[in-house]
There are 2 protein chains.
Amino acid sequence: MSNPRIRLDVDARRAQLLEHALTLFSAKTFDEVSVADVARAAGVSQGLLYHYFPGKRALFLAALESAADRLVSEAIVTSELPAHAGAAERYASLRAGLDHYLRWVEQRAVAYRFLLRGGFGSDPDVAAVVSRTRDAFVDRIREGLGAGPDDPTARCLGIGWAAMVEVVSLEWLETADLTRCEVVEVLSQAAARLFAPLVMKG
Amino acid sequence: MSNPRIRLDVDARRAQLLEHALTLFSAKTFDEVSVADVARAAGVSQGLLYHYFPGKRALFLAALESAADRLVSEAIVTSELPAHAGAAERYASLRAGLDHYLRWVEQRAVAYRFLLRGGFGSDPDVAAVVSRTRDAFVDRIREGLGAGPDDPTARCLGIGWAAMVEVVSLEWLETADLTRCEVVEVLSQAAARLFAPLVMKG
DNA sequence: ATCCACTATTGAATATGAGTCAACAGTGGC
DNA sequence: GCCACTGTTGACTCATATTCAATAGTGGAT
């Protein structure tokens, strides 16, 4: 670069690099983004990047953590409720919390996608495979359940429950603190509670 | 390699390569597994791999898809129900389906982890960040809800609902076929239905 | 049985991009 | 205006993804 050197203090430079890394890693896969890309975006030599981060992977993780930190500190709020608040009050508080969360998600869409897909799904092809599998799952369940209505809300619930099954299954594999039967119990009851209103309606 | 050349027909070789790829990619990150590793595991030259797959990424995706295909065809079953089956019958069928699913997950744990964490989540550090974020989320909700019991079942439900929130939020970002308010509605009602029994008990 | 065309397979060569390092240049104190 | 300090650079090394011309099993025709 023929640019004159611009000297920043450590924190500013680090933050700037993280910002650019986050943007790039949000748009493309880990291995599609080169260290050179990040450096170029920040208008900085490649070597400097290694002065601030031990390596590409560390840079990626740092960006991920910064996204996570922001999410936790900004998006997840809880209004202080009196100890013996009623159910209705609690419910209202939950809704308010969710609304705040979704507003944040809406605004910081890029960072949110990065955090949750970041692991794997910036890659559209990978996301497609997982998504296709999930849809197949939802479809068969819908058949089995006698296929209620097919409005967006129902679809939403279906996808949500499928995600629940996936994550709970994974968690079960890792920690094994429930028996298979108990997991079946939890998930099927969940389905019953979630879908009962729909099935009745349809 | 000093091995004598072993000649296989296309399908057998391709399947063998996929199998080894799946095993390796399940254990390590995409970029931690080298093409040479896969070739070595299969006892084959690196060049041959490129005869069967256009590149590393394609190999990875093919392995992912094969895992997905197996999941869909083997793990997701639905027993044929009579058209006007009662609710109890449907529920029993759902439970049976889930049990079958979880048995499959148990047996094919490696492939399952690969499929869902696959892209990048074999990476423990990435998984840790996402998991930590989710836990923070669950914790705050628990507080807000007046913290019911903390048995594994409740934890399971909490994680499941959090996963639901995440995936539904992502889906909402992509397709935007619901308003924010509607999403809040779906998710908070889901929470109410899922957690109501617990909160009463606790 | 032997040659032949066909294609699975190899090993070495090339290209791309991650990571290293000694030299350079702003910046603040004397 | 000189000096020590540290943010910054660009050219180097090295690992590994990708390519390709050459090699060797295989099955069929004579």
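First the proteins, then the strands, lettered A, B, ... as listed; each starts at 1.
Using bins of under 30°, 30° to 60° and over 60° for the plane-to-plane angle, the ring pair B:Phe114/B:Phe25 lands in the parallel bin.
What separates CD of A:Gln16 from C1' of D:dG7 is a distance of 13 Å, to the nearest Å. Between B:Leu49 atom CG and D:dC20 atom P there is a gap of 17 Å when expressed in whole angstrom units. Atom pair A:Ile6:CD1 and D:dT9:C1' shows a separation of 14 Å (rounding to whole Å applied). Put simply, CZ on A:Phe30 is 12 Å from C1' on C:dG17, counting in whole angstrom units. The nearest whole Å value for the distance from the CZ atom in B:Phe53 to the P atom in C:dA8 is 13 Å. Separating the CZ atom of B:Arg14 from the P atom of C:dA8 is a distance of 13 Å, rounded to the nearest angstrom. Remark: C1' of C:dT16 and CG of A:Asp31 are 13 Å apart, rounded to the nearest angstrom. Taking atom CG of B:Leu8 as the reference point, atom C1' of C:dT7 lies 13 Å away to the nearest angstrom.
A donor-acceptor pair shorter than 3.5 Å cannot be found between the side chains of A:Arg103 and A:Gln107. Side chains of B:Thr29 and B:Asp31: no donor on one and acceptor on the other come within 3.5 Å.
Across all strands, B:Tyr52 comes closer than 4.0 Å only to sugar-phosphate atoms, never to a base (heavy-atom distances). Within 4.0 Å (heavy atoms only), A:Gly55 reaches sugar-phosphate atoms of the nucleic acid but no base atom.
Note: A:Leu178 CG to A:Glu171 CD = 9.5 Å, rounded to the nearest 0.5 Å.
Here the side chain of A:Gln16 pairs a donor or acceptor atom with the backbone of A:Ala42 at under 3.5 angstrom. Between the side chain of A:Arg95 and the backbone N or O of B:Ser188, no donor-acceptor pair lies under 3.5 Å.
Comparing the helix axis at one end of the helix from C:dA1-D:dT30 to C:dC30-D:dG1 with that at the other, each defined from 5 consecutive pairs, gives an inter-axis angle of 10° (nearest 10°).
OP1 or OP2 of D:dG7 has at least one side-chain nitrogen or oxygen of A:His51 nearer than 4.0 Å. Neither OP1 nor OP2 of C:dT20 sits under 4.0 Å from any side-chain N or O of A:Tyr50.
Ion pair A:Asp99/B:Arg180 flagged as a salt bridge, since at least one NZ, NE, NH1 or NH2 atom sits closer than 4.0 Å to an Asp/Glu carboxylate oxygen.
Checked against C:dT9, D:dA17, D:dT8, the side chain of B:Leu48 finds its nearest nucleotide in C:dT9. Comparing C:dG19, D:dT8, C:dC6 against the side chain of A:Arg7 picks out D:dT8 as the nearest. Checking D:dT8, C:dT9, D:dA17 against every side-chain atom of A:Arg13, the shortest atom distance belongs to D:dT8.
Where B:Arg57 and A:Ser45 each meet DNA chain D at their nearest nucleotide, the meeting point lying more 5' is that of A:Ser45.
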